[in-house]
Amino acid sequence: RARERLNLSQEQEQAVRGIVNKSLQEGRENLQKVLSGQVSFEDVPTQMQWAKSLEQQILSALTPEQQTAYQSYKREDVAANARLVANGELLSVQNSLGLSQEQQDQVFAVLYNQAVNQLDPDPNTLATQPHNPVSAAELQGKQKLEILQGVLTTSQLETYRQLQDSYLIMLRGTLGQLGTK
């Protein structure tokens, strides 16, 4: 899809494929090092840092016109993926929280904005993003709770907090099973 939208030449397509493949290999190697205990999460780029680095490498292979087209393509892609993420999370909590239609709309907006910020973070956010996935999930959960205070009732917030705690327990368990802390 990107090839068509950006009107890549065959040479550019091959260059971009090479960039992506090399970056994926580096990502796999970093993950294997973390999982084997050779390095900690702090020693490797976060997922967002990795994605931004990959994006910069891809942009370097594009003409100025293609870079402009890429930004438009990216905005559409981020918006579509953010909708999917927000819808998925809303569906997973709406019954547990007993949300009214108005609350569903407000919660969706919060979750959508949070997803956009995760998918296309501000460069300043990248510098402060925790490397440890559990710490990152805790921070994101805390941010959601703060924003949702104006939308949810006290009991709904407590239920949402419990759902987040369950997710964090599952995440810790999964990472623990993989040999990380």
Side-chain angles (χ1 to χ4, degrees), residues 23-24 26-55 74-181:
S23 185
L24 288 173
E26 289 172 359
R28 270 192 296 273
E29 289 170 3
N30 284 337
L31 181 59
Q32 287 172 347
K33 288 177 186 175
V34 169
L35 296 178
S36 70
Q38 292 175 318
V39 299
S40 71
F41 283 113
E42 284 69 28
D43 298 322
V44 297
T46 65
Q47 184 178 357
M48 287 190 291
Q49 290 169 330
W50 174 82
K52 283 292 186 184
S53 173
L54 174 58
E55 180 180 58
K74 179 183 170 185
R75 279 190 300 277
E76 293 170 14
D77 198 47
V78 165
N81 286 317
R83 279 191 300 277
L84 288 173
V85 168
N87 275 325
E89 189 170 349
L90 178 61
L91 286 171
S92 73
V93 300
Q94 70 185 10
N95 289 334
S96 298
L97 299 180
L99 298 175
S100 68
Q101 184 61 51
E102 181 181 352
Q103 284 178 312
Q104 287 180 41
D105 294 342
Q106 292 172 328
V107 169
F108 175 83
V110 169
L111 298 175
Y112 175 82
N113 288 333
Q114 189 98 25
V116 166
N117 291 335
Q118 279 183 267
L119 294 167
D120 189 23
D122 178 289
N124 295 325
T125 302
L126 284 177
T128 61
Q129 180 70 25
H131 283 245
N132 183 301
V134 174
S135 299
E138 288 172 339
L139 176 62
Q140 291 166 1
K142 181 180 175 185
Q143 292 169 342
K144 287 178 191 176
L145 278 170
E146 288 174 6
I147 297 169
L148 289 172
Q149 285 182 0
V151 176
L152 303 178
T153 66
T154 303
S155 65
Q156 288 171 324
L157 274 171
E158 183 55 33
T159 300
Y160 188 73
R161 183 177 287 112
Q162 291 171 0
L163 291 170
Q164 283 185 327
D165 289 345
S166 296
Y167 169 73
L168 291 172
I169 289 168
M170 181 203 62
L171 183 59
R172 284 185 194 100
T174 300
L175 292 175
Q177 289 175 359
L178 296 174
T180 61
K181 297 184 183 196

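This structure is a prediction, so every number in the text was calculated from the model and none was measured.
Each salt bridge (Lys or Arg N to Asp or Glu O under 4.0 Å) pair with one or both residues in residues 32-42, not counting sequence neighbours, would appear here, but there are none. Applying the salt bridge (Lys or Arg N to Asp or Glu O under 4.0 Å) test to residues at least two apart or on different chains, the pairs with a partner in residues 149-168 are Glu158-Arg161. Pairs engaging residues 106-115 under the side-chain hydrogen bond (donor to acceptor under 3.5 Å, both in side chains) rule: Gln114-Gln143 [sequence neighbours left out].
Considering only residues two or more places apart in sequence or on other chains, Asp43 meets the side-chain hydrogen bond (donor to acceptor under 3.5 Å, both in side chains) condition with Ser40. When the side-chain hydrogen bond (donor to acceptor under 3.5 Å, both in side chains) test is applied to Arg75, no partner is found at least two apart in sequence or on another chain. Every residue two or more places apart in sequence or in another chain was checked for a salt bridge (charged side-chain N to carboxylate O under 4.0 Å, His left out) with Arg83, and none qualifies. Residues that satisfy the salt bridge (charged side-chain N to carboxylate O under 4.0 Å, His left out) test with Lys52, not counting sequence neighbours, are Glu55, Asp120. Partners of Glu76 by side-chain hydrogen bond (donor to acceptor under 3.5 Å, both in side chains), not counting sequence neighbours, listed by chain and number: Arg5. Looking at residues two or more places apart in sequence or on another chain, you find no side-chain hydrogen bond (donor to acceptor under 3.5 Å, both in side chains) involving Gln104.
Considering only heavy atoms from C-beta on, His131 comes within 4.5 Å of Gln49 through its side chain.
Here CG of Asn30 is found 12.5 Å from CD of Gln47. Values are rounded to the nearest 0.5 Å.
Across Pro130 and Thr46, no two heavy atoms sit closer than the pair O-CG2, 3.6 Å. Here the closest non-hydrogen pair linking Trp50 and Pro45 is N-CB, 4.1 Å. Residues Ala82 and Val116 share a closest heavy-atom pair of CB-CG2, 3.5 Å. Closest of all the heavy-atom pairs between Ser23 and Leu54 is CB-CD1, 3.7 Å.
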Set out, in order, the CA-CA distance, both residues' side-chain angles and the distance that settles side-chain contact (heavy atoms from CB on, under 4.5 Å) for Leu84 and Asn81, then state yes or no.
CA-CA 5 Å; Leu84 288 173; Asn81 286 317; 4.0 Å; yes
Donor-acceptor pairs under 3.5 angstrom involving side-chain atoms of residues 91-102: please list them, not counting sequence neighbours.
residue	atom	partner	partner atom	Å
Ser92	OG	Glu89	O	2.8
Ser100	OG	Gln103	N	3.1
Gln101	NE2	Asp105	OD1	3.2

Please tabulate, for the side chains in residues 134-141, all donor-acceptor contacts under 3.5 angstrom to protein atoms that are two or more places apart in sequence or on a different chain.
residue	atom	partner	partner atom	Å
Glu138	OE2	Arg172	NH2	2.4
Gln140	OE1	Gln118	NE2	3.2

Hey, can you pull the donor-acceptor pairs under 3.5 Å for the side chains in residues 145-153, sequence neighbours left out?
residue	atom	partner	partner atom	Å
Thr153	OG1	Ser155	OG	3.4
Thr153	OG1	Gln156	N	3.2
Thr153	OG1	Gln156	OE1	3.2

